[in-house]
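See structure below.
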2 protein chains.
Amino acid sequence: MDTVKRPRYASYAGAGCPVEASLELFSGKGKGMILYHLLEGTLRFNELKRRVGNMTQRMLTKQLRELESFDLIHREIYPEIPPKVEYSLTETGRTLEPILLALKDWGEQHALPKLLK
Amino acid sequence: MDTVKRPRYASYAGAGCPVEASLELFSGKGKGMILYHLLEGTLRFNELKRRVGNMTQRMLTKQLRELESFDLIHREIYPEIPPKVEYSLTETGRTLEPILLALKDWGEQHALPKLLK
DNA sequence: CAGTATCCTCGACGATACTG
DNA sequence: CAGTATCGTCGAGGATACTG
């Protein structure tokens with residue numbers, strides 16, 4: 001099983017940089033998208049998977065676990081058959097909303113055009 | 001006989017997602033920090049290197065080149081001896097200011113505490 | 001000063017198969 | 001449905017040495 005990647009360096013100088021620290025938490029593969037979709041509300045695993053596009057199940061699970069460990073999302077398990085698991089933003093996660101929306105706006109104006117060039 | 005090599009996934013999942021697109025541009029190793037420091041003004045290579053902490057020269061160069069290719073920073077070369085190269089934000093780069101400041105604030109309030117826990 | 005050039009490790013990630 | 005488990009590759013990125 002893959003382990004969560006911690007700061008590579010015991011004390012990497014960026015460790016003290018709050019900008020890097022923020023990015024460290026939600027810039028992993030697909031995390032931005034996951035958080036963004038969860039702004040709309042609670043979603044089940046497969047709903048999320050559909051919205052997130054072609055991300056492997058393995059990766060989605062991994063990213064979700066990391067976000068959960070950072071207390072940005074909450075995972076609610078319903079002990080039913082078939083299984084049902086719902087993901088939602090935590091209070092802390094919701095504080096990211098303005099940033100996520102800003103990233104979305106900026107992306108539409110600047111990032112997407114450059115990437116699709 | 002040799003097996004055919006398959007191309008890696010050409011596009012990341014969520015290619016159309018503007019949030020991911022934004023993160024794609026400046027979430028690379030150290031890019032956030034670089035951009036943040038350049039908010040203060042033009043910096044020479046070694047000044048940047050000092051502020052960015054212990055990032056290898058190789059990595060710094062690479063990140064700078066990428067940011068340049070995205071037109072977020074400008075590289076001004078002075079043909080002198082010893083060499084002098086100055087980095088600054090482009091117009092587009094400067095549009096990131098509110099986001100970078102938001103990331104910094106959020107990082108101080110939420111990210112750093114969690115990472116240092 | 002501001003970079004290249006090389007070499008090498010190691011872990012992120014995709015693919016696939018299996019399960020409660 | 002919502003995951004694990006296992007395997008293999010590939011490339012990010014560190015270390016080091018050299019240079020106009």
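We name chains A, B, ... by the order of the sequence lines, and we start the count at 1 in each one.
Proximity of A/Tyr87 to the phosphate of D/dC1: no side-chain N or O atom is located under 4.0 Å from OP1 or OP2. For C/dG14, one of the phosphate oxygens OP1 or OP2 lies less than 4.0 angstrom from a side-chain nitrogen or oxygen of A/Thr56. Within the 4.0 Å cut-off from OP1 or OP2 of C/dG3, not a single side-chain nitrogen or oxygen of B/Arg44 is found. Between B/Thr61 and the phosphate of C/dG3, there is no side-chain N or O to OP1/OP2 separation shorter than 4.0 Å. In terms of phosphate contacts, A/Lys62 brings a side-chain nitrogen or oxygen within less than 4.0 Å of OP1 or OP2 of C/dC13. At D/dC1, none of the side-chain N or O atoms of A/Lys49 fall inside 4.0 Å of OP1 or OP2 (strictly under the cut-off). For the OP1/OP2 pair of D/dG3 and a distance below 4.0 Å, the side-chain nitrogens and oxygens of A/Arg75 include at least one atom meeting the criterion.
With the nearest nucleotide of DNA chain D identified for both A/Pro82 and B/Gln57, A/Pro82 has the one nearer the 5' end.
Distances from the side chain of B/Val85 to the nucleotides C/dG3, C/dG14, D/dT4 place C/dG3 closest. Distances were taken from every side-chain heavy atom of A/Pro83 (C-beta onward) to each of C/dC13, D/dA2, D/dG14; the shortest belongs to D/dA2. Comparing C/dG3, D/dT4, C/dA5 by their closest approach to the side chain of B/Arg58 singles out C/dA5.
For the atom pair A/Leu72 CG and A/Phe26 CZ, the distance stands at 8.5 Å (nearest 0.5 Å).
No continuous path of hydrophobic side-chain contacts links B/Val85 to B/Ile81 [ILVMFWY only; heavy atoms under 4.5 Å]. Hydrophobic cluster membership differs between B/Tyr78 and B/Ile73, with clusters built from Ile, Leu, Val, Met, Phe, Trp and Tyr side chains linked at under 4.5 angstrom.
With A/Thr90 contributing its side chain and A/Asp71 its backbone, the two residues share a donor-acceptor pair below 3.5 Å.
Rounded to whole Å, the distance from CE on A/Met59 to P on C/dG11 is 15 Å. When the P atom of C/dA2 is taken as reference, atom CG of B/Asn46 falls 5 Å away, rounded to whole Å. The distance from atom CD of A/Gln63 to atom P of D/dA2 is 18 Å, rounded to the nearest whole Å. Between A/Met55 atom CE and D/dG3 atom C1' the separation is 14 Å, expressed in whole Å. Rounded to whole Å, the distance from CG on B/Leu60 to C1' on D/dG13 is 14 Å. Taking atom CD on A/Glu76 and atom C1' on D/dA2, their separation rounds to 15 Å, with Å as the unit.
In this pair, A/Tyr87 and A/Phe45 present their aromatic rings tilted. The plane angle is within the 30 to 60° band.
In this structure C/dT4 sits in a base pair with D/dA17, meeting the Watson-Crick or G-U test at under 3.5 Å.
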